[in-house]
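Report on one structure; see the data block that follows.
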Amino acid sequence: MQANLSLLTPSSSPLMFEGGLVGGQAPLPRLTPGRRCETRLLGYNTPEEYMAYVHPYWKTFETPNPFLHERVAVFYVFFMFAAVIGDGVVVWVCASGERLRTPSNMFGINLGVLDFIMMLKTPVFIVNSLNEGPVWGKLGCDVFGLMGSYAGVGGAVTNAAIAFDRYKTIAKPFEAKMSRSTAFLLVLAIWAYASPWSLLPLFGIWGRFVPEGFLTTCSFDYLTEDFNTRSFVGAIFIFSYIIPGAMIVYFYSQIYSHVRAHEKAMRAQAKKMNVDNLRSIGNTEEQEKSAEIRIAKVCMGLFFMYMVSWTPYAVVALIGAFGNRSVLTPLVSMLPALNCKFVACVDPWVYAINHPRYRLELQKRMPWFCIHEEKPSENASDTTVSNEKA
């Protein structure tokens, strides 16, 4: 064996194998000159004061192959640029377009800001991945966890607020529309709701932010077996995932029931009038209703992506706190984080593609995007804008 290895290099020093476990499986060995055959556990290049915050469970795994660190960093670079451009354009267009400065779109802007915050922490992860370990210590870990907590919890409640607004607009058309001041207060309430789940673990009062997985990311602790940690995991699961999710499901189910009954009545009325579709005869109210339904479909798409984004994270946290944690490897714990970042960079593009008024505004400001959105009749457009401003 040694003779064969010596043929691979002109150096007299022997070449030995160096490998590591990733997700419980050994990667292909690497050849490194002048080293003994050794295994390195996670955190071998991490300062001792930072390792004090790493749960002992992660210390039982061997360090992942550098190839994985590099590939994940490349993914994050792509996610970061896609999200910064997409969320930046959504916030810019919605905030500067007169027809888009409505109470309803204030929630969309808030969701864009939260997604933007989610992606602002990616440079920390990219640098950590290229370093194969944490660079900024516990402070960087706390900032990373704080931004992720505000973005995650705030995004969940914002999606619930969007569902409530669509419910009020479509299922309760004769009730007073939400005013700008009410929408602004709801946005402030969303940030206030997310604050305890972000600030309490930051100061270690209830829960805490700790390294996880490859030790290049941080999240709230879900592995420590004490009442403080498990009660925090259970509470954040209920108040930041179950309750907002249940509200969203309820509001959208009510919208679906209302739209289904409305379409049934429309077909019956069209049959009496001997026309194929009442909207084809220029009914202003029906054109407005159709636009609102399109917007509701956009919101339902955003909710679906939210569920796809945060359900894996919720499952990982529950398994770590209450289940069989042996299934959680560093690689498995990294996959939900990648999923969240992917959805955060897709959100604004889904919003842009499907929101009719946003498409019109984007078409006016960026004609090279080749967006061909048909303008609604002037009466319908004016009526909708005036209603939303009321």
Side-chain angles (χ1 to χ4, degrees), residues 87 90-91 94-95 99-115 150-197 236-262 288-311 314 343-344 347-348 350-351 354-358 384-390:
D87 289 313
V90 167
V91 173
C94 289
R99 290 182 178 273
L100 290 174
R101 288 200 298 266
T102 64
S104 297
N105 282 339
M106 290 180 68
F107 301 120
I109 294 173
N110 192 55
L111 186 61
V113 170
L114 291 168
D115 283 342
Y150 265 114
V153 179
V157 185
T158 301
N159 273 285
I162 291 173
F164 172 72
D165 175 70
R166 292 297 90 200
Y167 165 75
K168 290 275 291 180
T169 302
I170 296 175
K172 305 287 185 180
F174 299 109
E175 293 186 2
K177 304 289 184 178
M178 185 181 298
S179 65
R180 287 186 180 180
S181 58
T182 301
F184 180 72
L185 290 176
L186 282 177
V187 169
L188 291 181
I190 290 170
W191 284 87
Y193 187 92
S195 291
W197 310 107
I236 197 172
F237 176 73
I238 293 173
F239 289 96
S240 301
Y241 182 78
I242 295 297
I243 291 179
M247 292 173 62
I248 295 169
V249 170
Y250 171 77
F251 290 134
Y252 283 135
S253 64
Q254 292 298 306
I255 291 173
Y256 174 78
S257 299
H258 176 82
V259 170
R260 186 177 180 182
H262 177 77
E288 182 179 338
K289 176 72 70 176
S290 179
E292 297 294 351
I293 292 172
R294 284 186 62 186
I295 296 173
K297 290 179 180 178
V298 175
C299 299
M300 292 176 70
L302 294 176
F303 164 66
F304 174 76
M305 289 192 298
Y306 160 77
M307 294 297 293
V308 170
S309 172
W310 290 104
T311 298
V343 172
D347 267 354
V350 172
Y351 194 85
N354 293 285
H355 194 299
R357 297 189 192 94
Y358 179 87
T384 302
V385 172
S386 62
N387 285 342
E388 289 185 328
K389 287 183 177 180

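In this chain, numbering begins with 1 at the start of the sequence shown.
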## Note on the structure
With Ser240 as partner, the option from Ile242, Ile243, Ile236 fulfilling side-chain contact (heavy atoms from CB on, under 4.5 Å) is Ile236
### Query
Hey, are Ser181 and Ser179 close enough side-chain-wise for a donor-acceptor pair under 3.5 Å?
yes
### Residue list, side chain to side chain donor-acceptor pair (under 3.5 Å) with Ser253, at least two apart or on another chain
none
### Message
To check you understand the geometry: which heavy-atom pair defines the closest contact between Met106 and Arg180, and what is its length?
### Response
SD-O, 3.9 Å
### Message
So, using ring pair (Phe, Tyr, Trp, His ring centres under 6.0 Å) as the criterion, who are the partners of Phe107 when residues are at least two apart?
### Response
none
### Message
Let me confirm one number: the CE-CG distance from Met178 to Leu185, rounded to the nearest 0.5 Å.
### Response
10.5 Å
### Query
If you measure from CZ on Phe251 to CZ on Arg166, what distance do you get to the nearest 0.5 Å?
13.0 Å
### Message
Just verifying a value: how many Å separate Phe164 CZ and Lys172 NZ, rounded to the nearest 0.5 Å?
### Response
10.5 Å
### Task
Kindly give the heavy-atom pair with the smallest separation between Ala156 and Pro244, and that separation in Å.
O-CB, 3.8 Å
### Task
Give the minimum heavy-atom separation between Pro103 and Ala183, together with the two atoms involved.
O-CB, 3.7 Å
### Query
Taking only residues two or more places apart in sequence or in another chain, which ones pass ring pair (Phe, Tyr, Trp, His ring centres under 6.0 Å) with Phe239?
Trp197
### Task
Tell me, please, which residues at least two apart from Leu114 pass side chain to side chain contact (heavy atoms under 4.5 Å, CB included).
Asn110, Thr158, Trp191
### Query
Mind checking what makes side chain to side chain donor-acceptor pair (under 3.5 Å) contact with Tyr150, not counting sequence neighbours?
Ser195
### Task
Would you confirm whether Asp165, through its side chain, and Ala161, through its main-chain N or O, come within 3.5 Å as a donor-acceptor pair?
no
### Message
List the residues meeting side chain to side chain donor-acceptor pair (under 3.5 Å) with Tyr241, not counting sequence neighbours, and say none if there are none.
### Response
Thr311
